[in-house]
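Some notes on the structure that comes next.
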Amino acid sequence: MTDSEKKPAPAPAWFTKIDRERCIACGLCALHAPALYDYDDLGVAYGKQDNNTGTAPIPADQLAAFKTAYRDCPVQAILRRQQPFPPTAKQPVRPPHYTD
Ligand code: SF4
């Protein structure tokens, strides 16, 4: 048996982003997973680690917090995939403290 046959396969990575058109700005996701989610000045959530592009894998030490946020979002606005999200021109993120 080779070394590669003895080691378990690594867990697949998860990627996340927020459907900002669905988000109702309740605040739960950043409460549960502050390293992954933040809010803009209107309270609408976005993915913090990659500016809501869904291209950065969730760090292993954040997976439990992610699962809690994903489970508790009241409108299923937290999206997840096991590969990076494709590019999209929709849903630009307004930075915190944005003023017109
Ligand atoms: S938990 Fe869902 S609805 Fe609430 S702020 Fe986060 S994404 Fe928006």
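The analysis underlying the following values was restricted to heavy atoms, covering all of them including side chains, and did not include hydrogens, waters or symmetry mates. Note that ligands are numbered from 1 as they come in the structure, with each ligand's atoms numbered from 1 the same way.
Between atom 2 (Fe) of ligand 1 and C73 there is an N/O/S contact shorter than 2.8 Å. Taking 2.8 Å as the threshold, C26 counts as a candidate ligand of atom 4 (Fe) of ligand 1, since one of its N, O or S atoms lies below it.
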Task: F15/Q82 under side-chain contact (heavy atoms from CB on, under 4.5 Å): CA gap, chis, key distance, verdict - done: CA-CA 6 Å; F15 298 81; Q82 289 190 294; 5.8 Å; no
TODO: Run the numbers on I78 and H32 for side-chain contact (heavy atoms from CB on, under 4.5 Å), then give the verdict.
DONE: CA-CA 12 Å; I78 298 176; H32 288 317; over 6 Å; no
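Among protein heavy atoms, atom 8 (Fe) of ligand 1 sits closest to C23 SG, 2.3 Å. Closest to atom 6 (Fe) of ligand 1 among all protein heavy atoms lies C29 SG, 2.4 Å. Among all non-hydrogen protein atoms, the one lying nearest atom 5 (S) of ligand 1 is G27 N, 3.3 Å.
One hydrophobic cluster, built from ILVMFWY side chains closer than 4.5 Å, cannot hold both L28 and Y70; they sit in different ones.
Taking both residues in full, the closest heavy atoms of G47 and I18 are given as N-CG1, 4.0 Å, listed atom of the first, atom of the second, then distance.
Under the 6.0 Å distance and 45° angle rule, R80 does not count as a cation-pi partner of F66.
The contact set between ligand 1 and V75, taken as ligand atoms under 4.0 Å from a residue heavy atom, comprises 3 (S).
When the heavy atoms of I18, D72, L79 are ranked by distance to atom 7 (S) of ligand 1, first place goes to I18.
With L63 as the partner, the side chain to side chain contact (heavy atoms under 4.5 Å, CB included) test is satisfied by one option alone out of I58, T68, L36: I58.
The parts of I24 lying near ligand 1 are both backbone and side chain, judged by heavy-atom distances below 4.0 Å.
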